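First up is the structure itself, then whatever we jot down about it.
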Amino acid sequence: KEAEDFFSVQKKQIEEEYRLKIFNLQMQLESLKLRAEARDKLKEEMEDLILERDERLVALEEHKQNYINEKMRAYKAEM
């Protein structure tokens with residue numbers, strides 16, 4: 001429970017950090033006045049942001065699993 005609470009807060013912070021950036025890029029992409037090259041550049045920037053966010057979320061999940069595993073090892077060692 002302790003780990004879930006801590007890592008849930010961390011996950012929300014990461015998601016929130018990227019939410020507005022990605023939303024802004026989506027809004028720019030919907031603009032009808034963009035040239036193809038500008039649109040492609042924005043798409044690439046948005047894809048890079050999404051990939052970066054997802055990589056951070058995966059790393060956080062791995063960290064959470066390692067934390068839980070370590071706690072379980074310590075608990076089993078005490079028994």
Side-chain angles (χ1 to χ4, degrees):
K1 176 76 174 139
E2 171 190 332
E4 288 294 327
D5 290 343
F6 174 77
F7 288 101
S8 176
V9 169
Q10 297 293 327
K11 180 180 178 184
K12 286 179 185 174
Q13 287 176 344
I14 290 171
E15 289 172 342
E16 193 59 36
E17 181 179 334
Y18 288 89
R19 185 179 332 267
L20 186 58
K21 293 175 186 177
I22 292 169
F23 176 77
N24 284 336
L25 288 172
Q26 288 171 330
M27 296 309 293
Q28 290 177 31
L29 281 170
E30 290 178 11
S31 171
L32 300 175
K33 297 178 183 179
L34 284 178
R35 284 181 266 143
E37 67 184 40
R39 187 177 307 279
D40 291 343
K41 185 176 179 177
L42 284 174
K43 280 183 184 178
E44 184 177 328
E45 187 178 342
M46 186 172 71
E47 289 168 358
D48 289 346
L49 273 176
I50 291 170
L51 180 62
E52 181 181 312
R53 179 201 61 196
D54 291 349
E55 287 172 349
R56 288 183 62 193
L57 290 172
V58 167
L60 180 66
E61 184 63 31
E62 290 173 355
H63 183 63
K64 179 176 88 171
Q65 288 303 315
N66 290 337
Y67 176 83
I68 291 170
N69 291 340
E70 190 60 38
K71 288 287 189 179
M72 291 300 290
R73 275 189 229 115
Y75 176 73
K76 288 179 181 178
E78 290 177 3
M79 297 181 96

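The structure displayed is predicted, hence computed values, not measured ones.
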Could you go through residues 38-57 and list every donor-acceptor pair under 3.5 Å that involves a side-chain atom there, pairing it with any protein atom two or more places apart or in another chain?
residue	atom	partner	partner atom	Å
Arg39	NH1	Leu29	O	2.3
Arg39	NH2	Ser31	O	3.1
Glu52	OE2	Tyr18	OH	2.4
Arg56	NH1	Glu17	OE1	3.1
Arg56	NH1	Glu17	OE2	3.0
Arg56	NH1	Tyr18	OH	3.3

Can you list, pair by pair, the side-chain donor-acceptor contacts under 3.5 Å of residues 66-76, counting residues two or more places apart and other chains?
residue	atom	partner	partner atom	Å
Asn66	ND2	Glu62	O	3.3
Tyr67	OH	Glu2	OE2	2.7
Asn69	ND2	Gln65	O	3.2
Glu70	OE1	Arg73	NH1	2.7

Which pairs would a plain distance check flag for residues 3-11, meaning a side-chain donor or acceptor within less than 3.5 Å of a matching protein atom at least two apart in sequence or in another chain?
residue	atom	partner	partner atom	Å
Glu4	OE2	Lys64	NZ	3.2
Asp5	OD1	Lys1	NZ	3.2

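A salt bridge is absent between Lys12 and Glu15: the closest approach of a Lys/Arg side-chain nitrogen to an acidic carboxylate oxygen does not fall below 4.0 angstrom.
Grouping the Ile, Leu, Val, Met, Phe, Trp and Tyr side chains by contacts below 4.5 angstrom, directly or via other members, places Phe23 apart from Leu34.
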